[in-house]
Amino acid sequence: MVGLFPKLVVSASMAAGVGLFAGAPALAASLQGASTTGNILVYCSNGTNTFLCDNSNLGTALQGDLTAPGGNVELFADSETAPGLAKFLSGTYSTLTGTLNGQAIEFRSLVKSDWTAQFTQAWLTDVAAQNGISSILTGNFLSEAVGYFTSNTTEANAALARLSDPNVAFVNQDLVSGMISVGLAGHMDVTSIVSGLIATSKTLTNIQKTQYSNVIKALGTQGVKLQASELVKVLYDGQETVRYGGQGIASGQVEAGDGKSHNGTYLVQFQGKLPEPPAATPEPSLMVGLAAVGSWVALKRRQNRA
């Protein structure tokens with residue numbers, strides 16, 4: 001959509017009202033009035049690194065786009081702790097809420113009850129397709145993967161909790177198409193994370209560990225990097241959906257603390273609503289002209305009567 005409405009002029013009052021900015025690829029609205037609940041972390045950005053900052057920077061951290069993702073807010077920030085796991089199992093989640101072009105929108109971290117067998121299989125199948133490995137993650141391999149994640153062991157639940165703490169980087173809406181774009185900050189390559197889970201697993205058999213590790217090694221020799229974002233629940237326009245991505249885009253930055261997180265951005269998009277255009281009102285000059293015409297007609301009538 002580059003080049004659309006190149007002469008469109010946005011007044012300062014309009015920009016302040018809905019948070020407009022002329023960024024690539026099109027004129028867009030960003031999240032306004034952001035607020036959070038639960039255990040969250042806010043990351044600011046200097047363009048090279050993301051770094052923890054005060055929660056008062058929430059609004060600024062979310063003002064990026066795909067070309068410059070900026071900071072992010074991590075929901076369910078205690079996901080990798082014992083108290084956090086207990087919250088995950090009990091159904092306690094964190095939220096990020098705000099308005100997008102006047103429409104309320106809410107983002108939530110996932111909880112254990114979201115991970116049904118049906119959803120888990122659909123997610124694995126979809127992410128495999130986005131990574132181009134559908135022919136591998138099928139049959140018994142897929143069944144075993146679903147069985148692992150839904151086994152309700154402490155190990156599996158901890159892995160699900162780790163997948164359920166999204167880092168929301170930006171929330172924008174194209175003012176022409178209405179398309180909503182959400183950026184999720186994550187890892188460009190999750191191969192080492194998956195390999196680590198397999199190697200340290202206490203529930204997988206040694207045969208399974210060897211099989212899975214050999215598959216990952218084979219993919220590596222083919223230049224395949226596993227990609228997957230964390231998952232986020234979105235409440236918008238009366239609908240509740242779970243969003244995620246399987247194809248990362250280099251963010252050009254890393255988290256200052258570990259030197260590797262936030263180096264990828266996963267873009268998820270869905271159709272949003274645009275407000276109804278305001279009713280047309282006559283220009284003041286037109287009103288003056290009409291009044292003048294009316295006065296002239298009235299004068300002519302009086303002259304004719306005379």
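It should be emphasised that the depicted structure is a prediction, and the values quoted were computed from it without experimental measurement.
- A donor-acceptor distance shorter than 3.5 angstrom exists from the side chain of Ser151 to the backbone of Tyr148, with no hydrogens or angles considered.
- A donor atom on one side chain and an acceptor atom on the other are not found under 3.5 Å apart for Thr97 and Thr95.
- The minimum heavy-atom distance linking Ala34 with Leu62 is given by the pair CB-CD1, 4.1 Å.
- No chain of hydrophobic side-chain contacts below 4.5 Å, direct or via other Ile, Leu, Val, Met, Phe, Trp or Tyr residues, connects Ile105 to Met179.
- Using a 4.5 Å heavy-atom threshold, the side chains of Val182 and Val234 count as separate.
- Atoms CD and CG, on Glu230 and Asn167 in that order, are 5.0 Å from each other to the nearest 0.5 Å.
- Atom-to-atom distance recorded for Tyr236:OH and Lys273:NZ is 7.0 Å, nearest 0.5 angstrom.
- In this structure, Asp54 contributes its side chain and Ser56 its backbone to a donor-acceptor pair below 3.5 Å.
- Two residues are said to be in side-chain contact when any heavy atoms from C-beta on lie closer than 4.5 Å; Asp114 and Val242 fail this criterion.
- The closest side-chain heavy-atom distance from Ile193 to Leu226 is not below 4.5 Å.
- For the pair Asn46/Phe51, a side-chain contact is recorded, criterion being any heavy-atom separation below 4.5 Å from C-beta on.
- Scored by the salt bridge (charged side-chain N to carboxylate O under 4.0 Å, His left out) test, Glu144 finds no partners at all (sequence neighbours excluded).
- With hydrogens and angles disregarded, a donor-acceptor distance shorter than 3.5 Å links the side chain of Ser229 to the backbone of Gly245.
- For the residue pair Ser251 and Thr265, no side-chain donor N or O sits within less than 3.5 Å of a side-chain acceptor on the partner.
- Val111 and Phe119 are assigned to two separate hydrophobic clusters, defined by single-linkage of ILVMFWY side chains at heavy-atom distances under 4.5 Å.
- Cluster annotation: Ile180 and Leu231 are assigned to distinct hydrophobic clusters (Ile/Leu/Val/Met/Phe/Trp/Tyr, side-chain heavy-atom contacts under 4.5 Å, transitive).
- Residues Met188 and Asn263 share a closest heavy-atom pair of N-OD1, 2.9 Å.
- Ser94 contributes no side-chain N or O that, together with a main-chain N or O of Ser109, makes up a donor-acceptor pair within less than 3.5 Å.
- A distance of 9.0 Å separates CG of Leu58 from SG of Cys53, quoted to the nearest 0.5 Å.
- In this structure, the side chain of Tyr212 does not engage the main chain of Ser195 through any donor-acceptor pair within 3.5 Å.
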Task: Full working for side chain to side chain contact (heavy atoms under 4.5 Å, CB included) between Leu163 and Leu110 - done: CA-CA 8 Å; Leu163 286 163; Leu110 270 63; over 6 Å; no
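- Annotation: salt bridge (charged side-chain N to carboxylate O under 4.0 Å, His left out) contacts of Glu80 (sequence neighbours excluded): Arg162.
- At least one donor-acceptor pair under 3.5 Å links the side chain of Glu255 to the backbone N or O of Gly257.
- Counting all heavy atoms, side chain and backbone alike, Arg108 lies closest to Leu235 at NH2-CD2, 3.4 Å.
- Under a 3.5 Å cut-off, the side chain of Thr138 and the backbone N or O of Ser135 do not form any donor-acceptor pair.
- Linking Ile, Leu, Val, Met, Phe, Trp and Tyr whenever their side-chain heavy atoms come within less than 4.5 Å puts Leu204 and Leu142 in one cluster.
- Ring planes of Phe76 and Phe88: parallel class, angle under 30° (limits at 30 and 60°).
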Open item on the list: If you apply the rule side chain to side chain contact (heavy atoms under 4.5 Å, CB included), what do you find for Leu219 with Ile136, and how did you get there?
Closed with: CA-CA 10 Å; Leu219 291 173; Ile136 296 175; 3.5 Å; yes
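- Between the side chains of Ser30 and Gln63, at least one donor N or O lies within less than 3.5 Å of an accepting N or O.
- Taken to the nearest 0.5 Å, the OG1 atom of Thr36 stands 7.0 Å off from the CG atom of Leu96.
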Task: Worked verdict on Tyr93 versus Leu75 for side chain to side chain contact (heavy atoms under 4.5 Å, CB included) - done: CA-CA 8 Å; Tyr93 51 81; Leu75 303 181; over 6 Å; no
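- Without hydrogens or angle criteria, Asn72 side chain to Val168 main chain gives no donor-acceptor distance under 3.5 Å.
- Applying the side-chain hydrogen bond (donor to acceptor under 3.5 Å, both in side chains) definition to pairs two or more places apart or across chains, those involving residues 116-126 are Asp126-Tyr244.
- Ile216 and Val224 fall within the same hydrophobic cluster, where Ile, Leu, Val, Met, Phe, Trp and Tyr residues are linked whenever their side-chain heavy atoms come under 4.5 Å apart, directly or through other members.
- In this structure, Lys87 and Asp78 approach most closely via the heavy-atom pair NZ-OD2, 2.8 Å.
- Counting heavy atoms from C-beta on, the side chains of Thr99 and Leu31 never come closer than 4.5 Å.
- Between the CH2 atom in Trp115 and the OG1 atom in Thr150 there is a gap of 11.0 Å [rounded to 0.5 Å].
- Using a 4.5 Å heavy-atom cutoff, the side chains of Tyr43 and Leu52 are in contact.
- Put simply, the side chain of Pro166 does not reach to within 4.5 Å of the side chain of Glu74, judged on heavy atoms.
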Task: Steps toward side chain to side chain contact (heavy atoms under 4.5 Å, CB included) verdict (Ser181, Gln173) - done: CA-CA 6 Å; Ser181 299; Gln173 183 177 26; over 6 Å; no
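- Interatomic distance, Gln271 CD to Asp174 CG, rounded to the nearest 0.5 Å: 9.0 Å.
- When every heavy atom of Ser45 is checked against every heavy atom of Gly70, the shortest pair comes out as CB-C, 3.4 Å.
- In this structure, Asn214 contributes its side chain and Gln211 its backbone to no donor-acceptor pair below 3.5 Å.
- For Glu155 (side chain) and Ser201 (main-chain N/O), no donor-acceptor pair under 3.5 Å exists by modelled atom type.
- No side-chain heavy atom of Arg243 sits less than 4.5 Å from a side-chain heavy atom of Phe107.
- Closest approach of Lys112 and Asn157 over heavy atoms only: NZ-OD1, 2.8 Å.
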